[in-house]
Amino acid sequence: MKRIFTITLLFIHTGIQLLSAQTYTPVPVTGFNADIVAEAGTNAVAVTSTVIDGSNHILHSQAFAATNGIGGGIINSGTFVSGTRTYQMNPYTGLNALYLSAAGNVANSLPAGTLTLVTPASFSKLSILAFGTENNSTVTVTLNYTDGTSANAGTLQIKDWFFGTPFIFSGMGRLTRTTTFPTVDGLPSNPRMYAFDFNIPCADQSKLIRSVSFLYIQGPNISSRALIMALSGVQYTPLTYTHTVTDAICGGANGSIAVTASGGTAPLSYSWNTTPVQTTPTATGLAAGFYTLSIKDGNNCITAVTDTVDKLSLVKLVAAASPAKICAGETATLSVTATGGAATNYSWTPGPATGSTVSVSPTDTTSYIVTAQDAFGCQLKDTVEVAVKPTPVADFSVLPDVVCLGTNHTLTFTGTAGAAATYDWHNFSGATVQNGTGAGPYDIRFNTAGIYPVQLQVTEDGCVSNIATHSIMVSQPPTASFSVSKTPVCAGETTTINFTGTYAGNATPVWNWGGGTVQSGSGFGPYTVTYQRSGTVSLIIQDNICADTATPVTITAIPMPVADFTTDLITGCAPTEISFDNLSQQADTYEWSLGNGYQTGDTDPVYSYNTPGTYTVTLKAIAQGQCSTSVTKTALISILPPPVAAFTAAPGTNYPVEFKNGTFTFNNTSQFAAAYNWDFGDGTLSEVEDPQHKYELPGSYRVTLYAKNEIGCTDSISHAWYIIVPDLVLEIPNAFSPNGDGINDRWSIDGLKARPAATTEIYNRWGQIVFTGIGYTPWDGTRGGRLLPAGTYYYVIKTAADEKPYTGWVALLR
């Protein structure tokens, strides 16, 4: 017998081997920190970022060498090919090297760095293009995978760029980093670049590498440094194989296992655990047993292939069953015959049973294995199946199993049966079938209340189920109805709700008051319910089986109106017209009582109060002629009597009064007034109730009195004329004392106020004029702003051309 298998493998063992025949292709990465290649122009400083050794050196391209007429230079494209290896540097115009030193102590270098793959991928080998300066360098390598794990890839000894072996490239020359004409040294064999390979653990070669990290390890030379310029790798290819097993004839060592492997990393080598060890893909001369092949690839990753060579006899067993199919509980006969030789020691499993013929009664389909031995003791076996036909299961659900009269039951088959099964529902216990055939589902309905047993038996392929029975109950439903004593109602008013239906047993009512508040009542009622707003009353009667719903009744709750108003005035003098502003809400008619027996139904009445007094106003707001509220504002309106202005004066009207006697006393005789304003006709005003007033100029004056009460009502009266004439004889003082004490500091003649054209002249004793004035002009005892001495001075006052002047003397006292 031959058995063929195909398997794709992951490596399970690691090893280290330098395989120069493997093809390394460039791996695009990011993470460089230095530009070390001068590629254009004549200024090396302008096109690089840092020196890379202790002697101010960098690398340069062949294009830079040609431009500057110097030798050496690395390939312009940055592509380095050596045998099966290809490395690709980043563009020279940008960062193109990972520059490392111990603890980053060298300027512009890092203590550690990471090169991140542009596209994560799987590799069996990785290699860097690198070199050191100022002596050899040591770095450790860590692989970082996309699944978040990491692996140590070993420690690399990076050689100095001069004289190291073996190298990949050499003789490029190195360039001094200056802004002036550069110099090149190292030619023709230095500096050098090297390839440094690192293994990837066999178990990790199928993982996607996200990045490679490098850590610089301090060496004996604190100034040494490493430069990593490119990453290249060998793509990972999984190893797959197929193997074919030829079993051994019982009693001999003539079996074989042939393995065909492909993929992986060449070359592949083979090692079987046979004695002696076989080293080809096919192991021959195998006795029955368990064998292992170790396949080692070019990276020393080992794949183990295991298989078993069985014993193979020339005798065949043929087992049979009669009948091959039975119903549960029936019996089948098993028999076995041997061909190609004799067999003994027959045994059946499951069992125990022995012999070439046995009887079995399995409950489920069962495979029976018969075993025996040939003449060499080889194990023989065959298998026969006895199929147990499924016995249908008669079961069904009833939804609902308890209903009200007139309601359908739905019967759904929930047992197990095939498409050819037949169903006996035993006439549904007398129910009327609404719809359904075969297994159903069925809708059935009973015409009278009661308890009914419904039965089902199923037959399939000659196998009959047990009878399934479900009892169904049909119940008589209640009747739901009710009455309402009053609707509509005013918001907040109560109505009575009475149950008018029928019920039996343990029926319960479910009331919904539609927002009403129950004041009294329980169960079927009666209930008294208060409604603040309209709502619909509903009723459902339930008796755990049946239910009935009453016709709902809507109770309309008329919103209670809100009576309110304002007036444009609350006080005035009779007569006063008052406008009423109705602020009521949710009302449609109104009744006003205005406090003096007058009533009106106007919405916003306007009324004139003609009689003084205090009035209380009431407004009744009515909604739909049924619901009302009132508001009363006590002593809201105050109507006052109007003021009456009146006065007398002494002296009276039309009586000439000399200026010196021109002070009038006014007697206020007004009524119903609280404040007064006088206009004396000369531009002078007063608020004194009984004022006195002196006129300062001759003339005829009209006096007006305004009388006002406390709410601003006003009356006025005028009297004319009050007559002022100049004094017939001036009263002239004969002394004054201008000493600044505020008493008699000026010489003034009050009567001159009535003679604005009069002139006054004052002379000293030598006849010199010391003061002149026109009209009423008091003298302060100075001349030209200087104090005059005490003494006697003479005056001449001319009041009019046709009047005799006044002359005399005045004493100036200090």
Side-chain angles (χ1 to χ4, degrees), residues 398-410 431-432 434 443 445-452 471-564 584-591 619-631:
V398 181
L399 292 176
D401 57 353
V402 179
V403 298
C404 287
L405 183 64
T407 302
N408 289 351
H409 299 271
T410 298
T432 301
Q434 307 296 312
D443 285 330
R445 181 179 297 179
F446 291 92
N447 297 322
T448 58
I451 298 176
Y452 301 91
S471 292
I472 297 176
M473 177 180 290
V474 180
S475 180
Q476 189 73 33
T479 301
S481 63
F482 63 91
S483 64
V484 176
S485 65
K486 181 180 180 181
T487 183
V489 296
C490 294
E493 189 177 358
T494 297
T495 188
T496 301
I497 299 172
N498 292 288
F499 175 71
T500 59
T502 61
Y503 65 92
N506 60 348
T508 57
V510 178
W511 295 92
N512 187 323
W513 305 111
T517 302
V518 174
Q519 304 299 319
S520 65
S522 63
F524 286 91
Y527 288 87
T528 57
V529 185
T530 299
Y531 284 87
Q532 297 293 342
R533 58 185 62 84
S534 298
T536 299
V537 180
S538 62
L539 169 64
I540 300 174
I541 299 179
Q542 298 175 322
D543 62 4
N544 297 328
I545 300 173
C546 301
D548 190 35
T549 301
T551 300
V553 176
T554 297
I555 297 178
T556 301
I558 301 171
M560 289 298 293
V562 178
D564 194 13
S584 302
Q585 300 178 23
Q586 305 178 144
D588 47 33
T589 57
Y590 308 93
E591 294 178 3
L619 169 61
K620 183 178 183 180
I622 306 167
Q624 302 182 30
Q626 181 173 336
C627 306
S628 65
T629 58
S630 298
V631 59

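Residues in residues 476-485 take part in no salt bridge (charged side-chain N to carboxylate O under 4.0 Å, His left out) pair, two or more places apart or across chains. Screening residues 472-531 for disulfide bond (SG atoms under 2.5 Å apart) gives C490-C627 as the qualifying pairs, with residues at least two apart or on separate chains. Contacts classified as ring-ring contact (aromatic ring centres under 6.0 Å, His included) and involving residues 534-556 (residues at least two apart or in different chains) are not found. Annotation: salt bridge (charged side-chain N to carboxylate O under 4.0 Å, His left out) contacts involving residues 482-510, sequence neighbours excluded, comprise K486-E493.
With sequence neighbours excluded, the residues forming a side chain to side chain contact (heavy atoms under 4.5 Å, CB included) with N408 are Q434, D443, R445, listed by chain and number. Among residues two or more places apart in sequence or in another chain, the side-chain hydrogen bond (donor to acceptor under 3.5 Å, both in side chains) test is passed with T508 by none. Partners of D564 according to the salt bridge (Lys or Arg N to Asp or Glu O under 4.0 Å) rule, which considers only residues two or more places apart in sequence or in another chain, are K633. Listed by chain and residue number, Q519 satisfy the side chain to side chain contact (heavy atoms under 4.5 Å, CB included) test with T517 (two or more places apart in sequence, or in another chain). For T407, the side chain to side chain contact (heavy atoms under 4.5 Å, CB included) criterion is met by V403, C404, not counting sequence neighbours. With sequence neighbours left out, the ring-ring contact (aromatic ring centres under 6.0 Å, His included) criterion links Y527 to W511, W513.
Rounded to the nearest 0.5 angstrom, S630 OG and L619 CG are separated by 7.5 Å. From D401, atom CG reaches atom OG1 of T410 across 12.0 Å, with rounding to the nearest 0.5 Å.
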Please list every donor-acceptor pair under 3.5 Å in which a side-chain atom of residues 497-504 meets a protein atom from a residue at least two apart or in another chain.
residue : atom : partner : partner atom : Å
T500    : OG1  : S481    : O            : 3.3
T500    : OG1  : S481    : OG           : 2.7
T500    : OG1  : F482    : N            : 3.2
T502    : OG1  : T479    : OG1          : 3.4

Side-chain donor-acceptor pairs of residues 547-560 under 3.5 Å, sequence neighbours excluded:
residue : atom : partner : partner atom : Å
D548    : OD2  : A480    : N            : 2.7
T554    : OG1  : T536    : OG1          : 3.0

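Residues S628 and P561 share a closest heavy-atom pair of CA-CG, 3.8 Å. G523 and P509 make their closest contact through O-CG, 3.3 Å (heavy atoms, listed as atom of the first residue, atom of the second, distance). Here the shortest heavy-atom pairing between Y531 and V529 reads CE1-CG1, 3.4 Å.
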Working for side-chain contact (heavy atoms from CB on, under 4.5 Å), residues N506 and D543: CA-CA 6 Å; N506 60 348; D543 62 4; 4.2 Å; yes
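In this structure, the side chains of T432 and N447 come closer than 4.5 Å at one or more pairs of heavy atoms.
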